[in-house]
Undergrad: 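One structure is given below, represented as structure tokens, and several questions about it will come after.
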Protein chains: 2
Amino acid sequence: MSTAKTRHHHGDLKRALIQAGIDLLEEGGLEALSLRKCAARAGVSHAAPAHHFAGLPGLITAIAEEGFDIFSKYMTDAINAGEQTDRERLRGICRGYLQFGLSHSGLLKVMFGEHGLGVHAPRSDNREEAEAYLILRGVCAPFVPEGEDPHIVEAQVWSLIHGFTLLYLGGEFGCTDAPIEDSPFEAVMALIDRIGTQATG
Amino acid sequence: MSTAKTRHHHGDLKRALIQAGIDLLEEGGLEALSLRKCAARAGVSHAAPAHHFAGLPGLITAIAEEGFDIFSKYMTDAINAGEQTDRERLRGICRGYLQFGLSHSGLLKVMFGEHGLGVHAPRSDNREEAEAYLILRGVCAPFVPEGEDPHIVEAQVWSLIHGFTLLYLGGEFGCTDAPIEDSPFEAVMALIDRIGTQATG
DNA sequence: ACTCAATTTTGACACTGTAAAGTTAATCTT
DNA sequence: AAGATTAACTTTACAGTGTCAAAATTGAGT
């Protein structure tokens with residue numbers, strides 16, 4: 001009664017379909033992703049995926065979960081790469097966030113976009129996304145004033161880096177090719193540096 | 001040689017198609033938007049739109065432009081509604097940004113999303129978007145330190161409110177139905193209040 | 001009235017997702 | 001071990017989609 005090992009025909013088609021979907025996504029963006037193409041790449045007929053996913057939205061959800069795993073890896077790597085001070089860890093997670101977006105824009109769109117979920121299903125009970133959020137929570141914790149709701153700082157950091165990443169990816173800052181250091185990224189980091197401080201004048 | 005008045009058959013089909021598209025978008029989200037349905041609503045055959053737009057991306061671009069007009073209106077209204085201090089105007093534009101997103105999420109997705117443009121075409125030479133950006137610029141101006149690049153403050157404000165709006169719309173804060181005052185919106189506004197100040201401690 | 005170009009329609013094609021029914025292969029039961 | 005059962009997959013079919021090419025229609029200019 002093995003759960004997903006070399007079962008009936010294909011071996012594990014589910015995995016193959018998800019991987020094909022990710023490849024398609026990274027090669028040609030969201031437009032290039034289709035159930036039938038995934039099936040073709042996995043070497044099965046076009047209706048086979050129906051037995052593993054709830055249609056296209058189901059496949060996209062599975063891809064998004066996979067995306068959150070990679071996303072988490074980017075963030076922890078960036079955190080660990082820098083100085084191990086509270087402030088540098090906070091900056092680090094932002095760098096990881098942006099770098100993930102730059103390297104996997106298709107995944108990012110799928111994770112937070114139209115289908116990702118959001119409307120279609122409650123995000124709460126999603127292991128992968130919850131894990132990513134816990135990383136954010138850990139990094140933000142040192143900046144949460146005693147007795148205050150941690151969600152406040154988390155919302156500030158998340159909104160800022162999420163917004164920047166999406167605008168940057170959309171070319172809204174008009175500098176998609178320039179080195180990151182020259183972009184408004186440092187400006188956003190300067191605002192990050194003000195989190196958990198008190199304003200004066 | 002009038003440019004767009006009661007010309008040949010339909011009157012001005014272009015306008016009707018854009019309006020149909022906006023309606024579709026607000027009724028059923030992005031999924032519900034299709035060239036053929038727009039054509040049907042405008043009472044023409046399915047291939048008629050081809051002569052007014054460069055395919056579906058072209059129609060979406062036109063809808064996005066219309067969206068930026070409405071967007072600008074939301075922001076200026078919110079700015080003018082509040083106290084006329086620099087700080088309150090800054091808060092006002094954020095309120096307008098969020099309220100537009102809440103009322104017209106489909107438009108927002110089209111404006112900044114996959115097709116909106118971003119990749120497909122350079123955003124710079126877009127009258128409607130440029131106008132929206134100028135509103136942001138005007139509100140940010142009082143907070144730009146002398147001799148510094150205004151883009152810095154603009155990127156900070158834009159990233160923050162854009163990210164918050166998208167995350168909020170995606171249900172990421174888990175409070176889509178609660179009153180805005182209870183949401184992390186106030187937290188984000190607290191960070192906005194720190195723009196143009198100096199950190200201490 | 002004739003011409004002509006812009007506008008719209010018709011028809012077709014290659015895709016898409018999805019559902020239903022049929023086929024094959026592995027597991028379970030006895 | 002043999003038959004029954006179920007899961008995985010294929011085949012077929014249908015309703016949509018965007019897009020193209022060729023025809024038909026319409027409005028305006030001469």
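Naming convention: chains lettered A, B, ... in sequence-line order (proteins, then strands); numbering from 1 in each chain.
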Undergrad: If you assign each of A:Arg36 and A:His51 to its closest nucleotide in DNA chain D, which residue comes earlier from the 5' end?
TA: A:His51

Undergrad: Centroid-to-centroid, A:Phe185 to A:Phe173, below 6.0 Å?
TA: no

Undergrad: With respect to the side chain of B:Val44, which nucleotide from D:dT19, C:dT9, D:dT11 is positioned closest?
TA: C:dT9

Undergrad: Exactly one of B:Ile195, B:Val153, B:Asp149 should register a side-chain contact (heavy atoms from CB on, under 4.5 Å) with B:Val144. Which one does?
TA: B:Val153

Undergrad: A:Ala47 side chain: which of C:dA20, C:dT10, C:dT16 is closest?
TA: C:dA20

Undergrad: Using whole Å, report how far CD of A:Glu31 lies from P of C:dG17.
TA: 13 Å

Undergrad: Quick check on the 6.0 Å ring-centre criterion: do B:Phe68 and B:Tyr133 meet it?
TA: no

Undergrad: Figure out the CG/P separation between B:Leu59 and D:dT17, and round it to whole Å.
TA: 14 Å

Undergrad: Using whole Å, what does the distance between atom C1' of nucleotide C:dT16 and atom CD1 of A:Ile60 come to?
TA: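 The answer, rounded to whole Å, is 13 Å.
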
Undergrad: CZ of B:Phe53 versus P of D:dG18: gap in Å, rounded?
TA: 13 Å

Undergrad: Could you tell me how far apart B:Leu56 (CG) and D:dT17 (C1') are, to the nearest whole angstrom?
TA: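 Roughly 9 Å, once rounded to whole Å.
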
Undergrad: Distance check: side-chain N/O of B:Ser34 vs OP1/OP2 of D:dT17, anything under 4.0 Å?
TA: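 Affirmative; the distance criterion is met.
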
Undergrad: How about NZ on B:Lys14, more than 12 heavy atoms from neighbouring residues, nucleotides or ligands closer than 6.0 Å, or not?
TA: no

Undergrad: Would you mind telling me which residue lines up with the more 5' stretch of DNA chain C, B:Leu13 or B:His46, judged by nearest nucleotide?
TA: B:Leu13

Undergrad: Closer to the 5' end of DNA chain C via nearest nucleotide, is it B:Ala48 or A:Leu35?
TA: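 Going by which nucleotide is closer to the 5' end, it is B:Ala48.
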
Undergrad: With heavy atoms under 4.0 Å as the rule, sort B:Lys37 into base, sugar-phosphate or nothing.
TA: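 Result for B:Lys37 = sugar-phosphate.
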
Undergrad: Is B:Trp158 close to A:Glu172 at the side-chain level, that is, under 4.5 Å between some pair of heavy atoms?
TA: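 A:Glu172 vs B:Trp158: side chains touch.
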
Undergrad: Name the closest nucleotide to the B:His52 side chain, picking from C:dT8, D:dT10, D:dA8.
TA: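 Among the listed nucleotides, the one closest to the side chain of B:His52 is C:dT8.
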
Undergrad: Over how many whole Å does the gap from A:Leu17 atom CG to D:dC9 atom P extend?
TA: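 These atoms are roughly 8 Å apart.
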
